[in-house]
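Working notes, structure below.
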Amino acid sequence: MKLALAAVLVLLSGSVALAVVGGGDIILNNKGGETVFSHETHVEGAGLKCQGCHAKLYTNAKQHKAATMKAMEQGKSCGACHNGKIAFSVKENCESCHKK
């Protein structure tokens with residue numbers, strides 16, 4: 001019995017280690033080229049908390065719809081942080097987000 005319990009604990013701990021941060025990557029297709037949003041880059045790489053975006057920018061499913069570049073340049077969606085002060089601006093380095 002103890003051996004079975006130990007095996008279950010090992011399996012469970014392994015699955016947590018293999019879990020994808022924040023649900024993984026989100027792929028957005030648009031005119032500028034495919035854009036990949038990486039939760040791992042933002043959460044682990046930049047040290048951001050989930051609530052930093054989800055409590056302020058994306059509070060419901062309706063707000064998860066694609067934003068235009070014009071809206072982002074006005075500080076909406078990604079542009080709230082990607083403004084050239086907090087993170088690189090959405091007005092430059094297009095290839096950082098858009099992959100052709």
Side-chain angles (χ1 to χ4, degrees):
M1 182 66 171
K2 288 181 182 181
L3 185 58
L5 181 58
V8 169
L9 289 174
V10 167
L11 288 173
L12 288 175
S13 67
S15 66
V16 171
L18 297 175
V20 178
V21 175
D25 292 346
I26 297 172
I27 299 172
L28 306 164
N29 293 307
N30 54 62
K31 289 187 280 184
E34 180 181 271
T35 302
V36 178
F37 173 84
S38 170
H39 278 97
E40 184 172 359
T41 297
H42 288 82
V43 174
E44 291 182 352
L48 302 175
K49 304 275 186 231
C50 300
Q51 292 74 21
C53 295
H54 289 286
K56 297 174 185 168
L57 299 173
Y58 304 107
T59 58
N60 60 51
K62 191 175 183 181
Q63 291 176 318
H64 285 260
K65 297 199 184 282
T68 64
M69 288 303 300
K70 183 177 180 178
M72 285 190 259
E73 289 171 5
Q74 295 170 347
K76 308 286 186 208
S77 189
C78 305
C81 292
H82 287 279
N83 56 13
K85 296 174 186 164
I86 298 172
F88 66 87
S89 173
V90 296
K91 296 178 183 180
E92 56 194 39
N93 301 323
C94 302
E95 66 281 351
S96 296
C97 300
H98 295 280
K99 312 297 180 207
K100 295 259 177 183

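Values below: every heavy atom of this structure, side chains too, minus hydrogens, waters and symmetry copies. The residues of the chain are indexed from 1 along the displayed sequence. These figures come from a predicted structure and were not determined experimentally.
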Practice item. Can you measure from SG (C78) to NZ (K76) and round to the nearest 0.5 angstrom? Key: 13.5 Å

Exercise for review: Go through the structure and list residues passing side chain to side chain contact (heavy atoms under 4.5 Å, CB included) with Q51, not counting sequence neighbours.
Suggested key: K49, A55

Review point. In Å and rounded to the nearest 0.5 Å, what is the CD to CG distance from E40 to D25?
Key: 8.0 Å

Check your understanding: Linking Ile, Leu, Val, Met, Phe, Trp and Tyr through side-chain heavy atoms less than 4.5 Å apart, which residues share a cluster with M72?
Key -> M69, V90

Review point. Which residues pass the side-chain hydrogen bond (donor to acceptor under 3.5 Å, both in side chains) test with N30, sequence neighbours left out?
Key: T35, H98

Study note, to complete from the structure: Sorted by chain and residue number, the side-chain hydrogen bond (donor to acceptor under 3.5 Å, both in side chains) partners of T41 (sequence neighbours excluded) come out as S38

Check your understanding: Can you name the side chain to side chain contact (heavy atoms under 4.5 Å, CB included) partners of K91, sequence neighbours left out?
Key -> E73, S89

Study note, to complete from the structure: Residue set satisfying side chain to side chain contact (heavy atoms under 4.5 Å, CB included) with H42, at least two apart, ordered chain then number -> F37, L48, H82

